[in-house]
Amino acid sequence: MAHLTILRTYAERVDPNTLPPTVKLCHSDASVTIFDKYPKAHFHFILIPFIRAPLTAANLRDLRSLLQLPREQAKALLQTIRRDALAAKALVEAEMLEKYGCTWGIQLGFHSVPSLEHMHLHIISTDFRGEYMRSKKHLNSFHPSLGFFIHLDDVLSWFGPDIEPTWFAMKSDLDKKEHEKLLKEDMTCPGHCDKLFKTMPKVREHLRGVFDSTVKAAQKAMEAASNVPIDDLGDSEVTVGTKRKHDDPPETTQAEGADGSASDGPHPSKKQQTVSSSTDLPEDP
DNA sequence: GTTCTAGAAC
DNA sequence: GTTCTAGAAC
């Protein structure tokens, strides 16, 4: 294994303002959200909570260590993470609108068995068409209902006052071995059709089709809406995927790129400069 | 013959 | 976490 603590350097960063826009999407007093270096979807970010007293690096190692904290302390941090994640999500949705003329799903959650140290929340669009979505393990780790990907709102629901067994039951349910087994499960569509797939190329082909038709339908709906009498629309302005603020290559309608990897558009806003200062760490999972 | 996966190496 | 590649699958 290799350098698994890269995310902690972000968590300890004194001033997130020094991070270039190629690395950082946004930050707050409590967290910074960066581009995932190996995106598994069109939009894929990682939210990293800062290490701030009274919390220590050990407390923030991962979701498990966080859940060892006094209940209210853990709950408070998760709520702060949620607040920041929703802000980031709003930025992503604006970006979607500008880039594609519509928005679609974004899921917020943790990997039950993360590969890198320091807890990080994935903010990932549910197209799952990133260039680095390449293996069964990748797909299963983000599959919304398989169980390896733990939705933030599910974690927060464990703190609910009503349901008796939740807190301790859910904590003990976070068994590493059991979760790792999930990564080996057969591949099914991470959307809602539950199709079963034998190989990743088939998955990718399917996801491409789903995405293309989803976006097409959404754009059509928005165009239709924009033709509706103005007072029904308010002041919303519809932009249908014409701007190219970001450097996305044109969508392939045939097979994937020559090397078998998808040639999805890279992340938004990731263009201008290449920063190589040692203080910038465009690394992560 | 080529495609694809999965495990070792990093 | 990714890359590389042997050999399984087709």
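Side chains included, hydrogens not; waters and symmetry mates left out as well; all remaining heavy atoms used.
Seen from the ring of F43(A), K99(A) counts as a face-on cation partner, given the 6.0 Å and 45° thresholds.
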* To do: Summarise protein proximity over nucleotides 2-7 of chain B in one line of letters, 5' to 3': B for base, S for sugar-phosphate only, - for none, counting protein heavy atoms closer than 4.0 Å.
  => --SS-S
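Checking S157(A) against D154(A) by side-chain atom types alone, no donor-acceptor pair falls below 3.5 Å. Using modelled atom types, one finds no donor on one side chain facing an acceptor on the other under 3.5 Å when comparing T188(A) with D194(A).
For K37(A) and dG1(C), the NZ to P distance is 14 Å, given to the nearest whole Å.
Ring-centre distance between H143(A) and F148(A): not below the 6.0 Å cut-off.
Listed by chain and residue number, nothing satisfies the ring pair (Phe, Tyr, Trp, His ring centres under 6.0 Å) test with H138(A) (two or more places apart in sequence, or in another chain).
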